Amino acid sequence: MEPLGGEHRSGSEGEQEPSSPSRSDLSVEPRAERVERSPDNSLPSGAAGNTRPAIEIRDLTISYRDQPVLWDVDLEVPPGVLMAVVGPNGAGKTTLIKSILGLIRPAAGEVLINGGPYQEHRKEIAYVPQRGSVDWDFPTSVLDVVMMGLYAQIGWFRRPSARHRAAALDALAHTGMADFAGRQISQLSGGQQQRVFLSRALVQGASIYIMDEPFQGVDATTERTIVDLLQTLRANGNTVVVVHHDLQTVPEYFDWALLLNVRRIAAGPVTAVFTEENLRATYGGRVPWSHNRTDQSFVSDRSDPSGQTPG
Amino acid sequence: MTHIRLEIQLIALVTAIACALPGAFLMLRRISMLSDAISHAVLPGIVIAFFFTGNLNSPLLILAAAASGIITAALIELLSRTRRVGQDAAIGLVFPSLFSIGVILIARYASDVHLDVDAVLLGELAFAPFDRIVLGGTDIGPRALWVTGTILAINVSFVLVFFKELKLSTFDPALAATLGFSPVLLHYLLMAVVSVTAVGAFDAVGSVLVVAFIIGPPAAAFLLTDRLSMLLVLSAGIGACAAVGGYWLAFLLDASIAGSMASCVGLLFLLSLTFAPRHGMVAAARHRKLQRRQFTRQMLLVHLLHHEGSPEEEIECRCDHLCEHLRWDSRTSSRVIRSALHDHLIEQNGEKLLLTRAGRSTAREALSGTVPAGSLV
């Protein structure tokens with residue numbers, strides 16, 4: 001278990017490649033392909049180079065009646081990481097992100113966003129809920145749903161203007177959904193719904209993005225679009241936290257991980273914490289993807305033929 | 001006499017529009033039946049307020065109704081939160097209890113005033129024009145029209161002012177909360193508006209018709225549009241039609257006005273359910289038929305593709321064999337073959353059917369599952 005405190009990044013420029021020799025003794029080889037995306041000026045950029053944690057969780061305990069859902073969780077998410085939150089069903093993943101967003105009141109502990117309470121940093125954080133959390137038969141258009149992301153900027157009582165429409169269209173273009181702006185939302189496929197949600201988060205221009213299973217039930221094209229977008233967001237210095245189910249893609253998609261099962265099992269760079277041992281601790285010995293394999297073979301099986309170790 | 005008829009219709013029309021606006025949001029939140037609960041449960045609030053004021057026309061009664069509506073909604077919420085009963089049962093538990101407390105209070109302490117239970121349930125629209133407001137010696141119209149008109153003004157401004165906030169908190173309460181638009185606050189604001197509407201309207205039209213006006217028109221409008229603003233406009237329009245239509249139906253049948261109006265609401269909903277262009281039953285049946293036709297055509301093309309160039313082609317691709325193999329009756333098979341011939345997907349060579357180039361690619365698309373929906377049209 002790697003304590004997170006010692007792993008502080010200095011910023012995205014000074015980022016160490018996960019495959020640097022000092023880490024080669026770790027049991028999980030880094031994903032060979034780690035495309036370093038170039039920043040995209042049309043997407044929001046975060047506070048790269050900032051040493052203050054983007055999200056800081058101290059002694060967080062949340063219980064449902066007498067049942068602890070999260071138990072004394074400490075976590076520091078440095079700015080500019082793309083973090084996977086993994087753990088079995090009922091591990092408290094959704095509860096964790098809801099408490100980050102101030103939607104659940106903790107029994108104990110606190111959550112700081114960019115060093116302060118959520119209420120003061122509302123606009124720096126964007127949330128992509130699970131696709132199934134809303135009623136897609138609601139009578140509204142794609143563009144309208146994306147503009148909802150701007151309501152905090154627009155403020156109470158005021159109506160969206162042409163400027164807001166343009167911003168929403170721009171956000172739709174980033175997820176390849178611009179042609180669907182006028183579409184009624186019930187006519188979208190699952191992947192398209194997810195991209196609309198993603199656009200709605202983008203338009204908020206936040207520096208921290210919290211997503212609950214964005215890859216759930218989406219097609220391969222959408223998954224690729226989302227991954228590209230998340231990595232570009234990270235390259236722009238934003239912090240992205242994603243509840244993720246597919247363990248096999250964690251080393252490929254993410255550079256930071258939190259392994260959670262009511263308690264924090266491990267958190268830190270994927271290369272350091274995404275180990276067989278930690279996964280066993282998280283999933284109680286039944287790691288979903290590696291029945292009779294060693295983790296070495298798992299990684300080499302998955303390596304992309306085109307992937308070259310950078311640097 | 002005619003101006004009385006006109007006034008009755010006007011009161012009903014204003015009430016219907018006032019009810020439809022909050023009703024649309026209740027429907028979208030899937031809590032339409034809360035309106036039933038609230039419209040009954042406001043009774044004890046009114047009775048208690050009446051004890052204090054001794055006046056049935058006091059504006060305090062409206063405030064008391066709003067308060068008891070919010071309490072009702074909160075009690076239902078509290079009860080269903082325990083997860084010991086479902087939300088529907090919670091509604092059924094809370095409002096009869098509160099309503100009967102009101103009934104007992106009336107029977108025990110206020111039996112001598114005009115506040116009888118029949119009037120609460122059914123209202124008496126026919127008499128509404130006779131209760132008039134006279135200001136400085138001038139008759140300025142029926143009291144019910146002023147009351148419902150005020151409520152309509154409140155509801156229209158509520159929806160206009162909070163349109164964006166109501167939309168957001170109805171569609172995605174979690175996002176509303178993270179953006180700082182408290183969904184709880186908006187929920188109870190909506191409940192207060194429903195309560196005020198229910199209490200203002202029940203005196204004129206009765207709580208049964210209030211419930212019909214709150215639930216029916218939005219449910220009918222929902223099938224007709226894909227836009228929230230249009231949903232509100234259509235709900236109001238359908239409510240207005242039911243009010244006026246119901247009045248004339250009652251006139252023709254010499255029946256209860258409130259009853260006829262509520263029937264009209266049901267009738268308009270049935271019409272919408274049947275004939276709505278995209279979401280109606282007829283449209284759905286037509287769509288299914290189209291899909292079935294497309295599928296039978298695909299079966300034909302795929303069958304021909306499978307046996308194309310094979311030794312048994314001579315037998316398999318004959319018209320009469322197809323009927324047997326695909327288990328079609330002769331009418332179906334001749335219709336499918338005729339339409340496929342017409343669209344140049346197949347060619348006929350004596351008794352044998354051959355795929356054209358277009359037919360072959362359609363068959364391949366069908367096999368790979370990439371055929372776009374509605375490509376037959």
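Computed from a predicted model, the values in this text were never measured in an experiment. First the proteins, then the strands, lettered A, B, ... as listed; each starts at 1.
Both the backbone and the side chain of L101(A) have a heavy atom closer than 4.5 Å to some heavy atom of chain B. Proximity to chain B is absent for every atom of V128(A), based on heavy atoms less than 4.5 angstrom apart. Proximity to chain B (any heavy atom under 4.5 Å) is restricted, for I185(A), to the side chain, taken from C-beta onward. Contact annotation for Q187(A): only side-chain heavy atoms (C-beta onward) come within less than 4.5 Å of a heavy atom of chain B. Contacts of L228(B) with chain A are made by both backbone and side-chain atoms, with heavy-atom separations under 4.5 Å. Interface remark: F171(B) contributes backbone and side-chain atoms alike to the contact with chain A (heavy atom separation under 4.5 Å).
In terms of non-hydrogen atom pairs under 4.5 Å with chain A, the most contact-rich of L179(B), T170(B), L231(B) is L179(B). Of the listed residues (F163(B), F162(B), F181(B)), the greatest number of heavy-atom pairs within a distance under 4.5 Å of chain A belongs to F181(B). Here L175(B) is the residue among V161(B), L175(B), T225(B) with the most heavy-atom pairs under 4.5 Å with chain A. Of all the listed residues (Q119(A), R158(A), K123(A)), the one sharing the greatest number of non-hydrogen pairs under 4.5 Å with chain B is R158(A). With respect to chain B, the highest number of heavy-atom pairs below 4.5 Å among M147(A), K98(A), Q153(A), R159(A) belongs to R159(A). Between chain B and the residues S133(A), A126(A), S186(A), S141(A), the largest count of heavy-atom pairs under 4.5 Å involves S141(A). For the set F157(A), W156(A), Y127(A), the entry with the most heavy-atom pairs within less than 4.5 Å of chain B is W156(A).
Residues T239(A) and E124(A) fail the side-chain proximity criterion, which asks for heavy atoms closer than 4.5 Å. T232(A) has its side chain out of reach of H174(A): every pair of non-hydrogen atoms, C-beta onward, lies at least 4.5 Å apart. Counting heavy atoms from C-beta on, the side chains of I100(A) and I208(A) never come closer than 4.5 Å. The side-chain heavy atoms of I215(B) and P218(B), taken from C-beta on, include no pair separated by under 4.5 Å. Counting heavy atoms from C-beta on, the side chains of I125(A) and T178(B) never come closer than 4.5 Å.
The line from CZ of F222(B) to CZ of F138(A) is 9.0 Å long, rounded to the nearest 0.5 Å. The distance from atom CG of L273(B) to atom NE2 of H279(B), rounded to the nearest 0.5 Å, is 12.0 Å. I214(B) contributes atom CD1, which lies 6.0 Å from atom OG1 of T197(B) (distance to the nearest 0.5 angstrom). Rounding to the nearest 0.5 Å places CG of L168(B) at 8.5 Å from CG of L186(B).
Scanning residues 20-32 of chain B against chain A with a 4.5 Å non-hydrogen threshold yields L28(B), R30(B), sorted by number.
Q216(A) and H245(A) are not linked by any side-chain donor-acceptor pair at a separation below 3.5 angstrom, with hydrogens and angles left out of the test.
Of the possible donor and acceptor atoms, one in the side chain of W136(A) sits under 3.5 Å from a partner among the backbone N and O of R131(A).
Under a cutoff of 6.0 Å and an axis angle of 45°, R292(B) and F295(B) do not form a cation-pi pair.
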